[in-house]
Amino acid sequence: MSAITPTRPSKPAPRNPKQPLRKLRSATGSRRVFLHTVLIGVAIVMLYPLLWMLSSSLKPDTEIFTQPGLVPGSLRPENYSEGWSGSGNSFSLYITNSLIVTIGAVIGNVISCSLAAYAFARFEFRGKKIWFGLMLGTLMLPTQAVLIPQYTIFYNLTWINTFLPLIVPKFLAVDAFFIFLMVQFIRSIPRELDQAAMMDGANPFQIYWKIILPLMKPALITTTIFTFIWTYDDFLHQLVYLQQNDKFTVPLGLTLFLDQTSGSSYGAMFAMSTLALLPTLICFLIFQKRLVEGLATSGMKG
Amino acid sequence: MTVAKSGEVVEEQAAPATPSDQRERDRMRRRLARRRGGGWWPYAFLAPWFIGLFGLTVYPMLASLYLSFTDFDLLTPARWVGVDNYDKMFTQDPVFWDSVHATLLYVVVSVPLKLALALGVAMLLNRDLRGIGLYRAAFYLPSLLGGAVAIAIVWRQVFGGDGLFNDFLAWFGIEGQDWISSPDTAIYTLILLAVWQFGTPMVIFLAGLKQLPKDVYEAAAIDGVTPVTRFFRITLPLLTPIVFFNVVLQIIDAFKTFTPAFVISNGSGGPLNSTMLYSLYLYKKGFTDLQMGYASALAWVLFLVIAGFTAVNFIASRYWVHYDD
């Protein structure tokens, strides 16, 4: 680079040393304003549907489609109480069911995926490369391709209309994405720690339990958040496996509004939609940074 | 080891080992080898995953292949029908072709738009700007919520006849219509929903942009390279591995889309099958009509199509993806 600079043909004469500098600064200043304007514009478009949902959830039905502004003309918080009790069962049942399913899935994923990841990251064994390749391959397998045989398996086990088909597979490390994430993370933990523990007579399980697990907390938290959100939103499997109203989860409870909306309350539907998004939103607000970074790093090392 | 590869005799430095020393050394060597291999330990750690792999992936894939050659309604034993399901699918089932049409349109339009938007916004965000974290969060949020039924419900209302979108058009004096119930436009509301969720590839692009070597840009700035050339000659080529990663992931994701198609059409795939995405059709055949043999055939076709797209992507990537090492 130093070879290029001296041979530049025309050097601007340093007449007034302050002027070009000020020019530069004001240029980037106005560009900055422009950038912020564009970005704020995009942000408004991105968030507007969500705000519209929130505002509609507080409007009386007559206002939702006639008064397009975000500020309700008159507040109707009853939408929430009516929606809560309004669709078959009380929404508290759906939320309890969703919590059982998501917490079960989180525990399953954290345990089974970390065990598998530890094996892939720390041991040499026959066929390791092939197994690892297979694991990555399952990342690309669409769940729809195995849905029907899985359904018949659970049907024969008489697990239909229970939470088991939604929870048990998570204890069998079926979400390869998290194994991959954790393998990458464990590889960044120095092997000297394992070796020191081994010298002290620890067996591999003790090393996993006492050294690796505590150190991979960030990866475990990322897994927890994503498993929670993805399971909570996983409509297809809940739709297939849960058949009776008393086993319904939040997404299934919400769809009950769809059949009713012909004549009845839109406000209540928006109110429950807002509530349904709340767990994800809270996760997002608390873990925003980790969510975004977990995603970025997992994408980068592929 | 006393004989090296070349055949020379290498002198052993250590004193001759006593039998007990020798035994001790052998034991150490065995223990070390076992440690690296781990004996049965790795298999113990992998046991749950093995059960899952064979019980919930490999076996179901094979079972699905078998079922695809049968007539199966879950309640009575599967009856072998040969290639009837596939034959019917390709030659006598217009709904199958409707779903193929809807799905391909959805994939081919939504993925490039989504990725272009993701890259564009990532480039805007790739600089020192106050509040950049806030923007990033605002743009990522829809992607996180995207799969939720609640969002699909909102979308259905936004693009309904008296929904938000028509209010927006009214500002410009454009008269709207019921976008959801028109067979020409319904699929585009789904596409728009997918594009709205550009946050995930955006975050990955942003991480990639941050790793580009600064000195290349400094050199280009000194040479007076224009921003457009800079983008096409430097940024894009350096970013191709990440573009590739995003393309592969987004295509697979798009093929699997189910929730919004189900919710927006109220489970029907209508109007006129225009939103009958492939996954929705598979669900209807398997779980509404209980034609599980036929649905298995649909599942295998989906699997092969996704595998085919991915394979083509990987092969094509040799010609346009640049790795620096």
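Numbers restart at 1 for each chain; the letters A, B, ... are given by sequence-line order, proteins then strands.
Residue A:Ile229 touches chain B through its side chain alone, counting heavy-atom pairs closer than 4.5 Å. With a threshold of 4.5 angstrom between heavy atoms, A:Trp230 does not approach chain B through any atom at all. Heavy-atom distances place both the backbone and the side chain of A:Val42 under 4.5 Å from chain B. Contact annotation for A:Phe34: neither backbone nor side-chain heavy atoms come within less than 4.5 Å of a heavy atom of chain B. Residue contact with chain B, scored on non-hydrogen atoms closer than 4.5 Å, is absent for A:Tyr232. Residue contact with chain A, scored on non-hydrogen atoms closer than 4.5 Å, involves the side chain of B:Tyr43 exclusively. No part of B:Phe168 comes within reach of chain A, as not one of its non-hydrogen atoms sits under 4.5 angstrom from that chain. Using a 4.5 Å cut-off between heavy atoms, A:Ile111 makes no contact with chain B at all. Residue B:Trp300 does not touch chain A at all, counting heavy-atom pairs closer than 4.5 Å. The contact between A:Ile40 and chain B is made by backbone and side chain atoms together, counting heavy-atom distances below 4.5 Å. Residue B:Phe309 does not touch chain A at all, counting heavy-atom pairs closer than 4.5 Å. Using a 4.5 Å cut-off between heavy atoms, A:Gln288 contacts chain B through its side chain alone, with no backbone atom that close. Proximity to chain B (any heavy atom under 4.5 Å) is shown, for A:Leu236, by both the backbone and the side chain. Only the side chain of A:Tyr118 comes within less than 4.5 Å of a heavy atom of chain B; its backbone N, CA, C and O stay farther away. Residue contact with chain B, scored on non-hydrogen atoms closer than 4.5 Å, involves the backbone and the side chain of A:Met135 alike. Both the backbone and the side chain of A:Thr152 come within contact range of chain B, each with at least one heavy atom under 4.5 Å from a heavy atom of that chain.
When B:Phe303, B:Tyr66, B:Phe262 are compared by the number of non-hydrogen pairs under 4.5 Å with chain A, B:Phe262 comes out ahead. Ranked by heavy-atom pairs under 4.5 Å with chain A, the list B:Ser64, B:Ala63, B:Gly199 is led by B:Ser64. Contact count against chain A (heavy-atom pairs under 4.5 Å) is highest for B:Leu129 among B:Thr57, B:Ile51, B:Leu129, B:Ile306. Chain A forms the most heavy-atom pairs under 4.5 Å with one residue out of B:Leu141, B:Thr200, B:Leu134, and that residue is B:Leu141. Among B:Val158, B:Val121, B:Leu164, the residue making the largest number of heavy-atom pairs under 4.5 Å with chain A is B:Leu164. Most heavy-atom pairs under 4.5 Å with chain B, from the set A:Cys113, A:Ala173, A:Ser112: that is A:Ala173. Of the residues considered (A:Val174, A:Leu47, A:Val45), A:Leu47 shows the highest number of contacts with chain B, using heavy-atom pairs under 4.5 Å. Options A:Leu252, A:Leu239, A:Leu50, A:Thr280 differ in how many heavy-atom pairs under 4.5 Å they form with chain B, and the most are formed by A:Leu239. Taking A:Tyr48, A:Phe171, A:Trp52 one by one and counting their heavy-atom pairs under 4.5 Å with chain B, the maximum is reached by A:Trp52. Note on A:Lys289, A:Met140, A:Met53: by heavy-atom pairs under 4.5 Å with chain B, the leading option is A:Met140. Across B:Leu46, B:Leu74, B:Asp167, B:Asn166, the residue that shares the most heavy-atom pairs under 4.5 angstrom with chain A is B:Leu74. Of the listed residues (A:Asn156, A:Val250, A:Thr143, A:Val240), the greatest number of heavy-atom pairs within a distance under 4.5 Å of chain B belongs to A:Val240.
Nearest approach of A:Gln144 to B:Lys256, heavy atoms of both residues: NE2-O, 3.0 Å. The shortest non-hydrogen separation linking B:Ile204 to B:Asn246 is CD1-OD1, 3.7 Å. A:Ala176 and A:Leu139 get closest at one heavy-atom pair: C-CD2, 3.9 Å. Closest heavy-atom contact between A:His36 and B:Tyr135: ND1-OH, 2.8 Å. The two residues B:Leu67 and B:Ala78 have their closest heavy-atom pair at CD2-CB, 4.1 Å. The heavy-atom pair separating A:Ile179 from A:Ala116 by the smallest distance is CD1-CB, 4.1 Å.
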Verdict with reasoning, A:Ser114 to A:Tyr208, per side chain to side chain donor-acceptor pair (under 3.5 Å) | CA-CA 9 Å; A:Ser114 65; A:Tyr208 158 79; 2.8 Å; yes
Given B:Ser279 and B:Thr257, is the side-chain contact (heavy atoms from CB on, under 4.5 Å) satisfied, shown in steps?
-> CA-CA 7 Å; B:Ser279 299; B:Thr257 308; over 6 Å; no
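Aromatic pair B:Phe50/A:Trp131: ring centres closer than 6.0 Å. For A:Tyr241 and A:Tyr151, the ring centers sit closer than 6.0 Å to each other. For an aromatic pair to be called close, the ring centres must be under 6.0 Å apart, and B:Tyr294 with B:Phe72 fails this.
Between the side chain of B:Lys285 and the main chain of B:Leu290, no donor-acceptor pair closer than 3.5 Å is present.
The shortest distance between side-chain heavy atoms of B:Val301 and B:Leu304 does not fall below 4.5 Å.
Checked for salt-bridge contact, B:Lys214 and B:Glu218 miss the test: no charged N lies under 4.0 Å from a carboxylate O.
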Only pairs under 3.5 Å count here: list side-chain donor-acceptor contacts from residues 144-154 of chain B, not counting sequence neighbours, and write none if there are none.
none

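With rounding to the nearest 0.5 Å, the separation of OH in B:Tyr140 from CD in B:Gln197 is 10.5 Å.
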